[in-house]
Amino acid sequence: LGPPSFLTMLLLYCYLCLTIQCIFVLSFAPVLTSVARSFDGEKWFGRHLAGRRLLADASLGGADATVDVCIIGAGISGLAAAITTAEESNQHNKHPSILVLEADSGVGGRVRSDYTPDGFTLDRGFAVFIEQYPNSKELLDYDALKLAQFLPGARVKLSGRDQLALVSDPLRRRSDILKAITSPVGTLVDKARLAPLIYTVVTKNVDELFSMEETDTLTCLRDKYGFSEEFISSFFAPFFEGIYLTSMDKQSSRMFHFVFKMFTLGSASLPAGGMQAVANQLKEKASRLGADIRCNSAVCSIKSGDSDGGFLVDVQAKDGTMQTIYTKSMVVATDERVARKLLINVDGVVQIPTLPELPQRSVGCIYYALPCPAPLTESILILNGEGSGRRNTKEYPINNVCFPSVVNRGYAPEGFELCSVALLENAITEHGGDDASLDASVRNQLSTWFPQYASDILDETIWVQKGLYNISNAQHAHFNEYGCASVHGGRDSSTLRGVTLPKGVFVCGDHMATSTFNGALES
């Protein structure tokens with residue numbers, strides 16, 4: 001018959017393959033049928049791929065992809081929005097795709113940290129974690145953050161005194177009651193007048209504190225509680241101006257009572273890994289719930305979609321490539337200024353361009369690395385109580401000082417400490433952008449606070465500057481401004497500064513609630 005042709009061999013090969021496949025299917029048909037019946041495809045894809053899929057759909061106004069919910073901004077409020085959306089949806093057995101877009105290289109917004117190659121952790125602006133914040137306790141795992149607590153109270157640098165004075169909290173450190181009474185910070189009358197203040201914040205809940213008559217904090221301390229000018233200037237001013245980044249006559253008395261309550265009942269602390277660890281934990285939680293979080297993805301514009309509703313979000317990646325996302329619902333989780341800019345082209349919000357801008361506060365911070373030991377080995381904040389003429393000025397720029405590595409060892413490598421110096425807007429402005437001049441003024445002032453370390457502080461090879469931050473959008477104004485950030489519980493998220501937003505558009509951020517970490521979470 002001769003050798004088989006190529007065509008004959010090909011037909012024989014196909015016949016054998018088909019026979020083997022038929023035998024396999026017949027043999028495993030019962031098993032495959034059982035698996036198919038038990039597999040709930042919609043449930044599996046909903047739980048495990050929701051938020052991670054972008055569905056190509058060229059019919060949606062030229063969009064490259066579509067999602068159910070698009071959150072713009074992966075700061076604290078944006079991450080909290082992703083978590084809340086996913087949790088609420090899961091409770092109703094719904095699994096929407098959630099996409100979070102962040103222009104920066106990492107998550108956290110204002111709550112970020114940098115890590116130097118030699119092992120230092122630099123928070124972007126001095127910050128503490130306030131453990132008593134209600135929304136923090138609800139959303140975060142404190143044990144996983146490995147929090148290290150500050151001692152209650154503060155050390156205060158007083159004018160004309162070499163040693164740092166102690167302001168202690170005898171309610172939480174009863175052994176310090178004698179030190180509290182004999183402290184040179186404030187008179188005995190001032191210390192007695194702390195009792196009504198403490199009674200107010202302890203006995204009233206947060207809702208009641210925010211329903212109290214509102215004045216500026218300076219007026220409240222003078223008129224309501226009768227504190228002396230010296231006590232206000234040496235303790236309250238540097239402490240609360242370091243928190244709210246402006247003078248006390250521009251701070252809300254309601255916000256003062258709220259934060260004073262938080263410090264009275266709970267601790268301030270620093271997480272291992274810096275404040276970035278807080279943002280990272282929120283990111284991990286949102287990701288586990290199905291949110292797709294994309295950094296280096298800057299939103300350039302937002303437009304209304306077609307007649308069926310929805311929105312088109314133009315996104316630019318770090319490499320310059322553009323993508324248009326179609327979304328049914330959108331959450332703008334940015335600061336107020338950026339939110340107004342992004343929403344300007346959305347149909348139905350013509351009033352937004354006419355809104356007055358909400359002022360933002362600036363803050364600066366300089367970090368120094370130094371050999372162990374630190375000049376102060378207590379886990380405590382140091383306040384500049386030398387008076388207004390020697391605080392937040394060009395020659396005397398310091399507002400407060402901290403050694404983060406003394407509080408939480410992870411902020412510095414073995415054998416070294418880290419010093420953080422907080423600077424308010426006026427001190428930075430007066431140096432006109434001259435960082436070398438600002439650094440010199442800080443060193444000169446620090447050398448008078450720690451005279452035994454003066455030569456080391458002034459030597460740039462011993463106290464080595466590790467970072468200088470000037471944060472222009474650190475905090476929204478919260479008193480005496482239209483739409484200011486002092487609303488406990490947050491404003492209606494379907495509005496912005498009183499303007500009703502189109503269906504499907506929401507706004508969150510601390511400007512929608514209070515200018516605090518808690519406000520960002522609850523908004």
Side-chain angles (χ1 to χ4, degrees), residues 42 45-46 49-75 77-86 88-89 92 94-103 286 289-317 320-355 491-509 512 523:
E42 181 180 357
F45 281 101
L49 296 182
R52 302 184 184 280
R53 66 187 189 277
L54 291 177
L55 308 176
D57 192 339
S59 66
L60 294 170
D64 302 303
T66 182
V67 293
D68 295 317
V69 181
C70 181
I71 298 173
I72 301 169
S77 58
L79 295 171
I83 292 168
T84 302
T85 301
E88 289 291 328
S89 300
H92 296 87
K94 297 179 180 179
H95 308 286
S97 53
I98 302 170
L99 175 65
V100 183
L101 299 171
E102 171 56 48
L289 290 166
D292 180 8
I293 301 171
R294 301 187 178 186
C295 296
N296 295 313
S297 300
V299 173
C300 303
S301 66
I302 303 168
K303 300 181 291 291
S304 297
D306 53 26
S307 57
D308 294 331
F311 307 92
L312 296 171
V313 181
D314 293 327
V315 186
Q316 183 175 29
T321 58
M322 297 292 298
Q323 185 180 32
T324 299
I325 307 295
Y326 174 84
T327 182
K328 300 173 185 176
S329 297
M330 176 175 58
V331 180
V332 182
T334 66
D335 69 27
E336 187 269 348
R337 190 179 304 164
V338 174
R340 287 195 302 133
K341 180 180 178 181
L342 289 176
L343 292 171
I344 199 169
N345 292 321
V346 174
D347 295 343
V349 289
V350 293
Q351 308 99 311
I352 284 182
T354 65
L355 293 174
R491 293 182 170 88
D492 182 350
S493 60
S494 64
T495 67
L496 176 64
R497 309 282 296 282
V499 176
T500 300
L501 301 173
K503 183 180 180 180
V505 180
F506 304 92
V507 176
C508 66
M512 294 290 290
S523 66

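Index from 1, following the sequence. All of these numbers come straight from a predicted model, not from anything done at the bench.
- Contact of the Val507 side chain with the Met512 side chain is registered, since non-hydrogen atoms from C-beta on lie closer than 4.5 Å.
- The minimum heavy-atom distance between Pro502 and Val349, with the atom names listed, is CD-CG1, 3.5 Å.
- Within the 3.5 Å criterion, the main-chain N or O of His95 finds no donor-acceptor partner in the side chain of Ser89.
- A distance of 5.0 Å separates CD of Gln323 from CG of Asp64, quoted to the nearest 0.5 Å.
- By the 4.5 Å heavy-atom criterion applied to side chains, Asn345 and Ile302 are not counted as neighbours.
- Judged by distance alone, the side chain of Thr85 and the main-chain N or O of Ala82 form no donor-acceptor pair under 3.5 Å.
- Ser523 places a side-chain N or O within 3.5 Å of a backbone atom of Gly509 that can act as its donor or acceptor partner.
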Stepwise, does the side chain to side chain contact (heavy atoms under 4.5 Å, CB included) test hold for Leu343 with Val505? CA-CA 9 Å; Leu343 292 171; Val505 180; 3.9 Å; yes
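- Annotation for Ala339 and Thr334: closest pair N-OG1, 3.1 Å, computed over non-hydrogen atoms.
- If you take CG on Leu501 and CG on Leu496, they are separated by 6.0 Å, rounding to the nearest 0.5 Å.
- A salt bridge between Lys303 and Asp347 is absent, with no side-chain N of the basic residue lying under 4.0 Å from a carboxylate O of the acidic one.
- Taking every heavy atom of both residues into account, Val331 and Ala81 meet most closely at CG1-CB, 4.3 Å.
- Under 4.0 Å is where a charged nitrogen must lie from a carboxylate oxygen, and between Lys94 and Glu88 no such pair does.
- Once rounded to the nearest 0.5 Å, the distance linking CG of Asp292 with CD1 of Ile71 reads 11.0 Å.
- Although no hydrogens or angles enter the test, the distance criterion places no donor-acceptor pair under 3.5 Å between the side chain of Ser493 and the main chain of Phe506.
- The distance from atom SG of Cys70 to atom CE of Met330, rounded to the nearest 0.5 Å, is 7.5 Å.
- Residues Val299 and Asp314 form no side-chain contact, since every pair of their non-hydrogen atoms from C-beta on lies 4.5 Å or further apart.
- Here CZ of Arg497 is found 10.0 Å from CD1 of Ile352. Values are rounded to the nearest 0.5 Å.
- Put simply, the side chain of Arg340 gets close to the backbone of Leu355: a donor and an acceptor are under 3.5 Å apart.
- A distance of 12.0 Å separates OG of Ser301 from CD1 of Ile344, quoted to the nearest 0.5 Å.
- Taking all atoms of both residues into account, the shortest heavy-atom contact from Ser494 to Asp492 is OG-OD1, 2.8 Å.
- The shortest heavy-atom contact between Val67 and Leu99 is CG1-CB, 4.0 Å.
- In this structure, the side chains of Ile325 and Val315 come closer than 4.5 Å at one or more pairs of heavy atoms.
- Residues Ala74 and Glu102 come closest through the heavy atom pair N-OE1, 2.7 Å.
- Under a 3.5 Å cut-off, the side chain of Thr66 and the backbone N or O of Tyr326 do form a donor-acceptor pair.
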